[in-house]
There are 2 protein chains.
Amino acid sequence: MAQNSGQGITIYDVAKKANVSISTVSRVFNNSPLVSSKTRKKVQKVIDEMGFVPSSIARSLVSASSKTIGLIVSDITNPFFADTIDGIESVLHSEGFSVFLCDTRYNREREANYINQMLEKRVDGIIIFSADISGIELLTGIKNELPIVSIQSAFKEVDCVNTTDEEGAYEAVDFLIKSGHRKIAFLVYDYDNSTITNRMKGYLRAHDDEGIPVNDDYIIKMKFNPNAGYYMAKELLESHPEVTAIFAYNDMIAIGAYMAIYQKGLKIPDDISVVGYDDIEMASIISPGITTVSQPFYEMGRTAAELLLKRIKEEDRSIPQTILLPTRLTVRGSTRTLTP
Amino acid sequence: MAQNSGQGITIYDVAKKANVSISTVSRVFNNSPLVSSKTRKKVQKVIDEMGFVPSSIARSLVSASSKTIGLIVSDITNPFFADTIDGIESVLHSEGFSVFLCDTRYNREREANYINQMLEKRVDGIIIFSADISGIELLTGIKNELPIVSIQSAFKEVDCVNTTDEEGAYEAVDFLIKSGHRKIAFLVYDYDNSTITNRMKGYLRAHDDEGIPVNDDYIIKMKFNPNAGYYMAKELLESHPEVTAIFAYNDMIAIGAYMAIYQKGLKIPDDISVVGYDDIEMASIISPGITTVSQPFYEMGRTAAELLLKRIKEEDRSIPQTILLPTRLTVRGSTRTLTP
DNA sequence: CTCTTTTTTGAAAGCACTTTCATAAAAATA
DNA sequence: TATTTTTATGAAAGTGCTTTCAAAAAAGAG
């Protein structure tokens, strides 16, 4: 028989051809030890010949587990997203789970709709990445029924995997201060979430600890857009050319700042130092490499998936926990020591 | 009763509570006209009260259709990907289909694994976006069983949705030539697929038609990496400073070129003109805006989804067709007319 | 107020599997 | 060789729904 997609071929067809019962066929592709090796070989041969692929739909129905988890993100094209999903999948896959991926594009209607789809698909759990409040609100109603893990947002209602945002920002700004910088700008999205709040705290505390006053004019905010960094840096360079260093909320902003700085004819780090956050791939590729706070994206994914799996398997519904993963300052060519 | 996730509640529970048969419950949430409005109201009330969500698993099993299509992409973080998936979903969603999204990250093992998952999940069809050969090879074996549509790659075995790559490149380069440019570089990935081949053809033919000899040194190739544009432009500016215009294979490369040009202290378009391809969001945001070949990404998604749905519904297994979508040159600030 | 016709409802079979429980076959023991 | 124990196999029930078909209820016709 020619190999085909296996669509339409059932366990009955295989059983009939192999001259065994469907129970035996089921046991074969489930690797049950309750089959003699002789029978196993015979059945496997028929399975291969017919190109039989067991229907996960039927399997899910009887096992009452879809072996699928839902993954909700607000923007798939986020550069670090891929690493995190890699981490999530590496864990899930080894346990035979697959991922139903949903990109809400910051759209509430889509989000609600996706969550409904997940419910219908009977996902075994949900991971939400960089959720804003609405996501959690929507999910809160179903919380006690379905394990949920949130990455990079602090909600006490569900398990969270976060990084040490305040410390990361503190370390970055402290590094600049210790390098002699005193006029340090902070370029950040004009948005309200725990990540932004925490990095802001780090920026302020670093100044505080070193006894350096913060100039509010150096904190530039702009609503999220893909080139916000460019605009914020442009504004800053025009209004406050005395600034010697920029701390960007993330690497995308830092890259935007590069553009503005170069366009103005200035050099990095000679004229101005730049520090980013995230350590996306581009940060090491670009020239000069961005000094940045490295986040363990892959690890975040792994940790979230492991946490979720634990909840799913152990039916553990105890109080939500938060896991904090450390960041690390990676120094590259975009910063220099200021000798007065 | 408190609202909950609906997990665990079955059609039987609803039927019992509403004092009707399960057939009636089924009819209610399937919007069948075979229910009196009185009964419908009564049942719907119970459904809402109990928070019942019908299991798509059970529904798929009996309807022999998962109402799901698989979407295979090689890199989720591709900026234009989001628009295309938007287009795909806009069509699919209105027909009640959902999308099982797979990012192969250019990894064959993952790809094979995902395809197997799709087979198990009994997807009703597959859309592959920017596939390389291996994808098609893997799918060819199952082709006659499962509708497949490929976006942005030419394969005669399956339905394709492509854009006029050669014409797009031709138009872009012709525009530069007509603007007085003679020394036009082409920055492109060192990779072999139909898109690259076609844009190269357009670049060459534009020169040909205008009687301008092509200088092979102006064609810079580099293996794919996120900042290839920067490196290629840097190399070009050093070895061939006489070049007056750059035609970039895509906008990401163009943006990389911007960086190299700025870093060198040159101005766009005063010292050098830049043309991109794709018209990603960043192209209009960046300064100066990139003159680029706009691709109808949303339309590509819509078209592919419609084609697939047609195949699925009509059981139409006639010979594969290719749909060509037009591109359009969008002129922005990155190019200027050269007056000799 | 009957008898048809139409509308609404429910019983039951089926979808492709897993799993339990009973039984048959094989192996081990007496 | 007979008996017990172990291992391998199959029959059947169950998973949550859809859909067909028959029956009951309602509506319309005479």
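So that the names make sense, note that chain A is the first sequence line, chain B the second, and so on, each numbered from 1.
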Open item on the list: Applying ring-ring contact (aromatic ring centres under 6.0 Å, His included) to A/Phe29 and A/Phe52, what does each step give before you reach the verdict?
Closed with: CA-CA 10 Å; A/Phe29 64 76; A/Phe52 167 72; 5.5 Å; yes

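- The existence of a salt bridge linking A/Asp159 and A/Arg311 is confirmed by a sub-4.0 Å separation between a basic side-chain nitrogen and an acidic carboxylate oxygen.
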List every contact pair, protein side and nucleotides 20-23 of chain D side both N or O, where the distance is under 3.5 Å.
| residue | atom | partner | partner atom | Å |
| --- | --- | --- | --- | --- |
| D/dT20 | O4 | B/Arg27 | NH2 | 3.1 |

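- Between the side chain of B/Arg40 and the main chain of B/Ser32, a donor-acceptor pair closer than 3.5 Å is present.
- Residue A/Asn19 contributes atom CG, which lies 12 Å from atom C1' of D/dG10 at whole-angstrom precision.
- In the model, A/Ser60 has no side-chain atom that pairs as donor or acceptor with a side-chain atom of A/Lys121 under 3.5 Å.
- Of the two residues near DNA chain C, B/Val20 and B/Ala64, the one whose nearest nucleotide lies more 5' is B/Val20.
- Take the nearest nucleotide of DNA chain C for A/Leu61 and for B/Thr24: the residue whose nucleotide is more 5' is B/Thr24.
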- [ ] Mind running side-chain contact (heavy atoms from CB on, under 4.5 Å) on A/Ile115 and A/Ile72 for me, showing each step along the way?
- [x] CA-CA 9 Å; A/Ile115 288 174; A/Ile72 301 178; 3.8 Å; yes

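- Taking side-chain N and O atoms only, B/Ser26 has a distance below 4.0 Å to OP1 or OP2 of D/dT18.
- Separating the CD1 atom of B/Ile22 from the P atom of D/dT19 is a distance of 13 Å, rounded to the nearest angstrom.
- The nearest whole Å value for the distance from the CZ atom in B/Phe29 to the C1' atom in D/dT18 is 9 Å.
- When the options A/Ile76, A/Asp103, A/Val73 are evaluated for a side-chain contact (heavy atoms from CB on, under 4.5 Å) with B/Ile76, the one that passes is A/Ile76.
- Listed for the A/Asn30 side chain is a donor-acceptor partner under 3.5 Å among the backbone atoms of A/Ser26.
- Screening B/Thr39, B/Val35, B/Val46 for a side-chain contact (heavy atoms from CB on, under 4.5 Å) involving B/Val20 leaves a single residue, B/Thr39.
- A salt bridge links B/Arg110 with A/Asp86; the closest basic N to acidic carboxylate O contact falls under 4.0 Å.
- Contacts between residues 37-44 of chain B and DNA chain C, counted as heavy-atom distances below 4.0 Å, involve B/Thr39.
- Chain B approaches DNA chain C within less than 4.0 angstrom (heavy atoms of the protein), and the contacting nucleotides run 5' to 3' from C/dT8 to C/dC17.
- Straight-line distance from the NZ atom of A/Lys121 to the P atom of D/dG16: 18 Å, rounded to whole Å.
- Between the side chains of B/Arg302 and B/Ser90, at least one donor-acceptor pair of N or O atoms lies under 3.5 Å.
- The separation between B/Met50 atom CE and D/dG16 atom P is 13 Å, rounded to whole Å.
- Two residues, B/Ile57 and A/Ser36, neighbour DNA chain D, and the one matched to the more 5' nucleotide by heavy-atom proximity is A/Ser36.
- The pair B/Lys67-B/Glu95 does not meet the salt-bridge criterion, since no charged nitrogen lies less than 4.0 angstrom from a carboxylate oxygen.
- One atom, CD1 of A/Ile11, and another, P of D/dA11, lie 13 Å apart when rounded to the nearest Å.
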